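Just below is one structure, and these are the notes that go with it.
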Number of protein chains: 2
Amino acid sequence: MERRPTIIDVARAAGVSKSTVSLVLQNSASVRAETRAAVRAAMEALGYVYNRAAANLRSSGAGLIGLVINDLRNPFFTEFAISLQMALSERGFAAVLANTDETPALQAQVIGAMIEHGVSALIVSPAYGGGETGFDAIARAGLPAMQVLRRVDGRTDLFPFAAPDYPAGSRLATEHLIAEGARNIAFVGGLEGRMVTEERLAGYRATLAGAGLAPLVLPGRSGRSMGRAMARRLAEDHPEVDAALCFNDQVALGLLSGCAEIGRPVGPGGLRIVGFDDIEDCAQSWPPLSSVRCDIAGFGQAVAATILAWVEGDVTPPAEDRPAVDLVIRASSAAQPSKER
Amino acid sequence: MERRPTIIDVARAAGVSKSTVSLVLQNSASVRAETRAAVRAAMEALGYVYNRAAANLRSSGAGLIGLVINDLRNPFFTEFAISLQMALSERGFAAVLANTDETPALQAQVIGAMIEHGVSALIVSPAYGGGETGFDAIARAGLPAMQVLRRVDGRTDLFPFAAPDYPAGSRLATEHLIAEGARNIAFVGGLEGRMVTEERLAGYRATLAGAGLAPLVLPGRSGRSMGRAMARRLAEDHPEVDAALCFNDQVALGLLSGCAEIGRPVGPGGLRIVGFDDIEDCAQSWPPLSSVRCDIAGFGQAVAATILAWVEGDVTPPAEDRPAVDLVIRASSAAQPSKER
DNA sequence: CTGAAAGCGCTTACAG
DNA sequence: CTGAAAGCGCTTACAG
């Protein structure tokens, strides 16, 4: 692990000045092809490695983007982060990624660390909750930053918000269940008071109201185990319920599991179930799970494009962006599945 | 987005020299408490942000660790990456993370980018396949790097290898199935010739041979859809098979799904199924899935400790480290589950 | 087309 | 306990 060669070493080996080496590094047109070749050969021979940090010190713009995610163990967020990271990588940016485990204090800490590391911008899928969240630190540093998937900071002028159109999604799902003949449709999962829950509930409530049906909301921590437990509770306490719109796919997949456990049939003739997000597992469960497709991979790519346009082209994103969603109908809610695209 | 204040601005505001500010930044004991307070106050007032890149230019050691993972959409790898990242974060290091989608060329590219970004070390869960993999570039840069979960580069002196003890895992699982009375045990999934498949197969084959039983290996791309399809194939082509040891949990969960689809019972009296890795979903499926527990979260934390000891303490890891695994028995393979810890 | 010089924001001996 | 100076590896005008 000796000292890495620098442009000075390269310059010496190639017999030019270090400025010339720098220009070659930047593919400047004002270096003779011959000289360029000599410099490149010297770099190869010495095993030269470009030091981006040093370069950025002078020119600014490290090519690092910070990704701060509330729960990376949830496949929905994982898929978002991965597609975003890969899109950034394609454009020559690297992603510094951190999981905050739904903890605002941890979020504030990792945001601070990322700012020190010189990220050019931040994408935050924030943890709920108050106190120090890190957004103030971002504002002080004057960095471009977006909040995605959830809005927790009201300053959308500073921190533009982007997320799939959740209310439209639950509207589509509820309409579908009504059309299939369900009359007692429960909403399962989601913690009340949180933005995403409220939005997903809104479309459900509005649609039921329009159809003259009564809502039944059964909130809770939205994981598989909760969904699984809910199968029994639903059967025992609310036997009249003939359909469940779940807060997310994890709850829905758990509910599916729980129905298998208690021997309750799922789908037409049994309990109709619809999830939300359309993560990959939905297509592989039995029965396959209907879900509101958020195209999270496409969303991640779009966010990458947006943040890069902001960083590189100074194009400020709109304060709020809510891309459309659609409904994928599978056997868990209907006899006639929609065609998969 | 004006120019951020530097230590010079802070020094001016606090009426000291910039060296003093630097010393305060490093919590040096040789600065009077009074002066320290004045400097801190000035930093606060100016909204000073420490520029780690600049500092590292001089002192070297950016506090960045690169994480290069073959398939981050697979929960097993996700969990590994997340627990590693969080452990690093706790120790003041940030993780640059990239998914390589099982593509060696992409892997080589992201490794190159990370080296330029000045990572202090790399953790690589490598993609299989030849050509340029990026390991040569790491060697040229003289960076500490470990290969984890899979070994693809033979130079374990340069790139120490760490992974759960796969052969022991399949041995445990196979012994368990035999003890439960299974006599026709299939191994499902895994692509032949790959290191992990071969190791997981080895324990299976050895144990069967010891018991005088014949192996049946049904390899394939190890996702849920493959497992699901395999349920039908198993029932039609190999009706005598009474147990399946799966390459990983994804295959096993798919197989579970497929058995539900074709109406074949799973567990004692039906097809006994054991997965591998023990991802979180195992406990939530129906029936719950037995699996070889690799404690991937603990493994990620251990790898974090190892790489930091290498980077900070110059402790080179052993060429090969194979932490022990155990078997979690659930209803998919036995009437009497093991106690969950 | 190429070179000499200053500077990016910090740290590190070295004086005092 | 604090300051002046040099240097980390690069880029950026500015000369030539």
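Just so it is clear, the values below take in all heavy atoms, side chains as well, and ignore hydrogens, waters and symmetry mates. Order of the sequence lines fixes the chain letters, A, B, ..., with proteins taken first and strands second; residue numbering starts at 1 for each chain. As the structure is a prediction and not an experimental result, all values here were calculated from the model.
- For Ser17(A), the listed nucleotide lying nearest its side chain is dG3(C); candidates were dG3(C), dG9(D), dC10(C).
- Checking dC10(D), dT11(C), dA4(C) against the side-chain heavy atoms of Gln26(B) singles out dT11(C) as nearest.
- When the nucleotides dT11(C), dT2(D), dG9(D) are ranked by their closest atom to the side chain of Tyr50(B), dT11(C) comes out on top.
- Taking the centre and axis of the six-membered ring of Tyr166(A), the NZ or CZ atom of Arg322(A) falls inside the cone set by 45° and 6.0 Å.
- The nearest whole Å value for the distance from the CG atom in Asn51(B) to the C1' atom in dG9(D) is 14 Å.
- Classification of Glu116(B) and Arg4(A) as a salt-bridged pair fails, no side-chain N sitting under 4.0 Å from a carboxylate O.
- The interatomic distance linking Arg52(A) (CZ) with dT11(D) (C1') rounds to 14 Å, in whole Å.
- Among the nucleotides dA4(D), dT11(C), dT2(C), the one closest to the side chain of Thr20(A) is dT2(C).
- Rounded to an integer number of Å, the gap from CD of Glu116(A) to C1' of dC10(C) is 13 Å.
- Between Leu23(A) atom CG and dT11(D) atom P the separation is 9 Å, expressed in whole Å.
- For Val31(B), the listed nucleotide lying nearest its side chain is dT2(D); candidates were dT2(D), dC10(D), dT12(D).
- Residue contacts shown for Ser30(A) include a base, since a base heavy atom lies under 4.0 Å away.
- Going from atom CG of Asn56(B) over to atom C1' of dG9(D) covers 13 Å, rounded to whole Å.
- Between Asp9(B) atom CG and dC8(C) atom P there is a gap of 11 Å when expressed in whole angstrom units.
- Phosphate contact (OP1/OP2 of dT2(D), side-chain N/O of Thr35(B), threshold under 4.0 Å): present.
- Candidate nucleotides dC1(C), dC10(D), dC10(C) were compared by shortest atom distance to the side chain of Ile7(A), and dC10(D) ranks first.
- Between Glu280(B) and Arg73(A), none of the side-chain N atoms (NZ, or NE/NH1/NH2) sits under 4.0 Å from a carboxylate O, so this pair counts as no salt bridge.
- Looking at Asp9(B) and Lys18(B), no side-chain N of the basic residue comes within less than 4.0 Å of a carboxylate O on the acidic one, giving no salt bridge.
- Under the Watson-Crick or G-U wobble criterion, with both distances below 3.5 Å, dA13(C) is left unpaired in every strand shown.
- With a 3.5 Å ceiling on both atom-pair distances, dA4(C) lacks any Watson-Crick or G-U wobble partner.
- When the nearest nucleotides of DNA chain D are assigned to Leu25(A) and Val16(B) by heavy-atom distance, the more 5′-ward of the two goes with Val16(B).
- For Lys18(B), the side-chain atoms get nearest to dC10(C) when compared with the rest of dA4(C), dC10(D), dC10(C).
- Between the side chains of Gln107(B) and Thr103(B), no donor-acceptor pair is found at a separation under 3.5 Å.
- Looking at the side chain of Ser22(B), the nearest of the listed nucleotides dG9(C), dT11(C), dC1(C) is dT11(C).
- In the set dT2(D), dA4(C), dC10(D), the nucleotide with an atom closest to the side chain of Ala54(A) is dC10(D).
- Protein atom CE of Met43(A) is 15 Å distant from nucleotide atom C1' of dG9(D), rounded to whole Å.
- Of the charged side-chain nitrogens involved, none lies within less than 4.0 Å of a carboxylate oxygen, so that Arg36(B) and Glu34(B) do not count as a salt-bridged pair.
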